[in-house]
Asks: 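Could you have a look at this structure, given as C-alpha cells, before my questions?
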Protein chains: 2
Amino acid sequence: MVSSSGTEPRKVTIHDVARSAGVSRQTVSRALNDKDEIDGSTKQRVLDAARELGYRPSRFARGLVRQDTTTIGLVIPDLLNPFFTEVAAAALEAARARGWHVVVYDTADRAEEELGTLQVIGSQVDAVIGYFSCSEDELEQFTRGVPVVLIGREHHTPRFSSIRIDGEEGVHAAVAHLVAEGHTRVGMLDHGGRAEPSVRREWFATAAAAYGIDTDMVVGADQSADGGGAALKTLLTAHPDVTAVFTFNDIIAIGALREARRLGRSVPQDLAVIGFDGLKLGALVEPPLSSVALDTRKLGALAIEQVARLLTGGNPLGADDLVVRAELRLVGSA
Amino acid sequence: MVSSSGTEPRKVTIHDVARSAGVSRQTVSRALNDKDEIDGSTKQRVLDAARELGYRPSRFARGLVRQDTTTIGLVIPDLLNPFFTEVAAAALEAARARGWHVVVYDTADRAEEELGTLQVIGSQVDAVIGYFSCSEDELEQFTRGVPVVLIGREHHTPRFSSIRIDGEEGVHAAVAHLVAEGHTRVGMLDHGGRAEPSVRREWFATAAAAYGIDTDMVVGADQSADGGGAALKTLLTAHPDVTAVFTFNDIIAIGALREARRLGRSVPQDLAVIGFDGLKLGALVEPPLSSVALDTRKLGALAIEQVARLLTGGNPLGADDLVVRAELRLVGSA
DNA sequence: TTGAAAGCGGTACCAC
DNA sequence: GTGGTACCGCTTTCAA
C-alpha cells in the first residue's frame, strides 16, 4: 500500500475533453488555440468541458509539434553573491526581451552540484550560459551539442564562447587616480583559493609598475565581506604604511571598508579603497564604494545575443565583440 | 531570400542515428540510456554515430513519454531587490533538493509583464510560486489548473495557497526593545504606493499602543534605499524629536541609516533603526542593521513543499503550517 | 541482443 | 465548420 491517500488524478488529455464535449480532438485544439475555423457555440462547449475536467495541455506534446519555445539554462555558483545576482538579472532581462525562458541553477559553490547540473541540464535546455569551475573537457563531455557561453573565464576550445571582461584600462585608471591623489603605498586584496594570481592582479601589477609603485603588497581574500575584512587586517598589519587598496571585487572591498572603520581608519582620508565590479550594492555602503565598474547588463545581453546566434547557426560574435570593458567609477571611497 | 546564411542544421533525430549506425531506433535508445540489454560493440557504434551527427535527444519527446521532470515557475517583481534574491535562492535550493527545475521570471515590477508572464507560464511549468500584484481573478484566469503558491500576500480563494509572514510578535519585541531603551518617540517608515497601510504598520501600531507610544509618526517610503532616505528626512523634519524608527523593510532601513549619517545623527545613539526582513545585506552596512528577521530559506522551502503536495494531490499544508514567523534580531542599529 | 509496433499528447493538413 | 489521419521524437512493451 504505497499509493497516496489522495485521488491520484489521472492526467486529463485532449482526448478526454473531446469525448466529453462530443467533438474530435482537433476541434478541441482549435477551441483552445483560438482558431477561427470553429463555430462559436462549439467553441464555448469545448472550453466549458475543458474547464470542467481541469484540462491542461501538455507542454511536452505541444513543444514537440510546434518547435518554438527556447529555454536556456543559467548556471551560477551562488545567487546570493551580488555579482551573480546582477548577472542573472541581466540575463533574465535579455531573455525576456526575446520571449525565452531561463532555468536557473545555483550550484552552491560545490563542484559536485555543478557536475550534477551539467549532467541533467543538457536534456532540459537549448543552450547554457554559466560560470563554471570545471574543466573544458568536463564541460564538453556533458554539454555535447549544446551551445555554451562562459562567463567569468575565457575559453580555450573553439567549442565554447565566453564573455571577456576587460578591466585593464579601468584598473590602470584606478591606479592613476590613486597616484594622483598622492598615494605611493597601494596594496591589493586579491582573491584567495586558486593558486595562480588573478588577471585583475596582473592588471594591477602592470599599472602599478607603470607608476613606479611597489606591487608586492598583495593578500589573498575569501570571496566574501568577511574575507575582505580579514585580508585587510592582514595587509595593514604587515604594511601599516599602506594608504590605499585595490580589491579583486566589490564584496571584498565592502568587507575592507567595514574593517577599516573598525581599525579606526576613515575612508577615504586614511585609506582609499577601490573595488572591482561596480555592484549596485556599492551605493548602499558608507562611503559609497568607488570601483572599476562592469556593465553587468551588457554582460547578460551579450551572452544572450551570442546564444541566439549560436542557436540559429548564424554568424556568432567573435572574441572581439564578446567583451565588456570595465571603467573607473569614483564615488566616495577613493 | 530570408534564409540565414548558415547551414541551417536540420534537427538530427534518433532515426538518423539509427540509420547511420545500421541499427533500429530502440537500439539507439538503449545505447543512449545506458540500458544493459545491448551488446558492447553495438553500443559503442551507436554512441559514435550519435556523436558524429551531433545528435541531441529532444527534451519534449523524452518528456512526453517519461513523465518525470517537474519544472516550477518562480515569478518575482525584481531579482535585484535583495529580498527577492533571497527568496529566489531559497526556492532554488529547495527545488534542487528534489531535482526540480526552476524557471525564473522577473517582471521588472511591471503589471503588464506580470500578466504576460502569467499568460505564457501556464503552458511551461507544472506549478507556480510567485509574488504577484494582480488580482486573484486574473491569477485564476491565467493559471487555470496549475497549482499556485503566493508569496508576500494572503489568498482569499481556496484556489490558492500562500505563505503567511507573521511578524506580530517580532514587531512587538522590537517596540518593546525600543521602549526599554528609553525611546518614547518612535516613527515608522511604511511602504508607499498602495493606499492602505501595511500589515506591518498595523503590527507596529498595535505594539506601540500597548506601550502607550504615539503612533502617528508614519511616513510612506519608496521601496528603495533612496526612498528610505527621503522618507527619514521627511519624518525627522516633521518630528525632530523622534529618536527611533521602525521600517517596512530592510532596504528602506538601510536608506534611512545612510540618511541619518548625512543628517549628522549617529546610529544607534541619536537614532535607533530597526528594519524588517533580516536580509543578509544588513550585515554589510554600518552599523549592522537590527531587524525583525524572516527566515527566507524556510519561506522558500515551505513554498516548494506545498507545491509538492499540491502536485501529487496529496494532503496540502493548511494555513497554520504555511507560516514564517519573524523575530527580532539586534545587532547594531538598535 | 535486437527490432517491430504501439503509444505519449498534441497540431497540421487534408478531406468531407 | 468539423473530423480523419499522419506525424512530431522518443521510450516501452512484446516478439523474434
Side-chain angles (χ1 to χ4, degrees), chain A residues 8-47 49-50 53-71 120 122-126 144-146, chain B residues 8-47 49-50 53-71 120 122-126 144-146:
Chain A
E8 191 68 57
R10 204 185 54 65
K11 187 83 176 169
V12 179
T13 79
I14 198 174
H15 188 217
D16 302 318
V17 179
R19 209 165 21 130
S20 164
V23 296
S24 71
R25 300 183 308 171
Q26 13 313 315
T27 298
V28 175
S29 179
R30 286 183 187 108
L32 265 53
N33 294 314
D34 228 28
K35 305 279 186 187
D36 41 358
E37 326 128 300
I38 186 178
D39 183 83
S41 64
T42 312
K43 180 169 174 177
Q44 195 51 54
R45 188 154 41 92
V46 171
L47 258 27
L53 299 172
Y55 167 72
R56 270 171 38 69
S58 148
R59 68 166 174 283
F60 294 115
R62 184 171 273 176
L64 186 55
V65 55
R66 25 183 251 220
Q67 327 231 128
D68 36 14
T69 72
T70 36
T71 301
V120 78
S123 55
Q124 291 293 331
V125 302
D126 301 307
R144 189 159 296 154
V146 188
Chain B
E8 191 68 57
R10 203 184 54 64
K11 187 84 176 168
V12 179
T13 78
I14 198 174
H15 187 226
D16 302 319
V17 179
R19 208 166 19 131
S20 164
V23 297
S24 71
R25 302 182 308 174
Q26 17 312 321
T27 299
V28 175
S29 180
R30 286 184 186 106
L32 265 53
N33 294 315
D34 228 27
K35 305 280 186 188
D36 41 356
E37 325 128 298
I38 186 178
D39 183 83
S41 64
T42 313
K43 180 169 175 177
Q44 195 51 54
R45 189 152 41 92
V46 172
L47 259 25
L53 299 172
Y55 167 73
R56 268 171 39 70
S58 149
R59 71 166 172 283
F60 295 114
R62 182 170 277 176
L64 188 54
V65 54
R66 26 184 246 221
Q67 325 230 129
D68 38 12
T69 73
T70 41
T71 301
V120 77
S123 55
Q124 290 295 330
V125 302
D126 301 308
R144 189 159 296 155
V146 188

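These numbers come from a predicted model, not from an experiment. Below, read A as the first sequence line, B as the second, and so on, with proteins coming before strands; counting in each chain starts at 1.
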Asks: What is the distance, to the nearest angstrom, from the NZ atom on B:Lys43 to the P atom on C:dT2?
Replies: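 After rounding, the gap between these two atoms is 11 Å.
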
Asks: Looking at B:Thr42, does any N or O in its side chain come under 4.0 Å of the phosphate oxygens OP1/OP2 on C:dT1?
Replies: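 Checking B:Thr42 against C:dT1: no side-chain N or O falls below 4.0 Å of OP1 or OP2.
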
Asks: At 4.0 Å (heavy atoms only), tell me whether B:Arg59 reaches a base, stays on the sugar-phosphate, or touches nothing.
Replies: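 The residue B:Arg59 makes no contact with any strand.
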
Asks: Summarise protein proximity over nucleotides 11-16 of chain D in one line of letters, 5' to 3': B for base, S for sugar-phosphate only, - for none, counting protein heavy atoms closer than 4.0 Å.
Replies: BB----

Asks: Counting only side-chain nitrogens and oxygens, does B:Thr13 get under 4.0 Å of the OP1 or OP2 atom of D:dG9?
Replies: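 B:Thr13 to D:dG9 OP1/OP2: no side-chain N or O under 4.0 Å.
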
Asks: At under 4.0 Å, does any side-chain N or O of A:Ser58 touch on OP1 or OP2 of C:dG9?
Replies: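 It does not, given that no N or O in the side chain of A:Ser58 lies less than 4.0 Å from OP1 or OP2 of C:dG9.
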
Asks: What is the distance, rounded to the nearest whole Å, between atom NE2 of A:His15 and atom C1' of D:dG4?
Replies: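 Computing the A:His15:NE2 to D:dG4:C1' distance gives 13 Å.
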
Asks: As a test of reading the structure: which of D:dG3, C:dG3, D:dG1 is closest to the side chain of B:Thr27, going by heavy atoms?
Replies: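 Comparing D:dG3, C:dG3, D:dG1 against the side chain of B:Thr27, the answer is C:dG3.
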
Asks: Could you check if a side-chain atom of B:Asp34 sits within less than 4.5 angstrom of a side-chain atom of B:Lys43, using non-hydrogen atoms only?
Replies: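 Yes. Closest side-chain heavy atoms under 4.5 Å.
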
Asks: Nearest whole angstrom, please: distance from the C1' of D:dG9 to the CG of B:Leu64.
Replies: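 Nearest whole value for this atom pair: 9 Å.
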
Asks: CZ of B:Arg45 versus C1' of C:dT1: gap in Å, rounded?
Replies: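 Atom-to-atom, B:Arg45 to C:dT1, this comes out as 12 Å.
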
Asks: Using the test side chain to side chain contact (heavy atoms under 4.5 Å, CB included), find all partners of B:Arg30 that sit at least two apart in sequence or belong to another chain.
Replies: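 Testing B:Arg30 for side chain to side chain contact (heavy atoms under 4.5 Å, CB included), a comparison that skips the adjacent residues, returns B:Gln26, B:Thr27, B:Lys35, B:Glu37, B:Ile38.
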
Asks: Quick one: do A:Asp126 and B:Arg59 make a salt bridge, cutoff under 4.0 Å?
Replies: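 Between B:Arg59 and A:Asp126 there is a salt bridge, with a charged N closer than 4.0 Å to a carboxylate O.
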
Asks: Any chance you could measure B:Ser58, atom OG, to A:Leu64, atom CG, to the nearest 0.5 Å?
Replies: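 Reported to 0.5 Å precision, the distance equals 5.5 Å.
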
Asks: Any chance you could measure B:Arg62, atom CZ, to B:Ile14, atom CD1, to the nearest 0.5 Å?
Replies: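 So the gap between those two atoms works out to 8.5 Å.
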
Asks: First locate atom OG of B:Ser20, then atom NE2 of B:His15, and finally report the distance between them rounded to the nearest 0.5 Å.
Replies: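 Those atoms lie 11.5 Å apart.
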
Asks: Show your working on side chain to side chain contact (heavy atoms under 4.5 Å, CB included) between A:Thr69 and B:Phe60 and close with a plain yes or no.
Replies: CA-CA 11 Å; A:Thr69 72; B:Phe60 295 114; 3.7 Å; yes

Asks: Measure the distance from CZ on B:Arg56 to P on D:dC10 and round it to the nearest whole Å.
Replies: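 For the pair B:Arg56 CZ and D:dC10 P, the rounded distance is 10 Å.
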
Asks: Remember a base hit wins even if backbone is also touched, and classify B:Ile38 as base, sugar-phosphate or nothing at under 4.0 Å, heavy atoms.
Replies: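 Sugar-phosphate only.
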
Asks: In this structure, how many angstroms lie between the P atom of C:dG9 and the NZ atom of A:Lys11, rounded?
Replies: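 For the pair A:Lys11 NZ and C:dG9 P, the rounded distance is 8 Å.
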
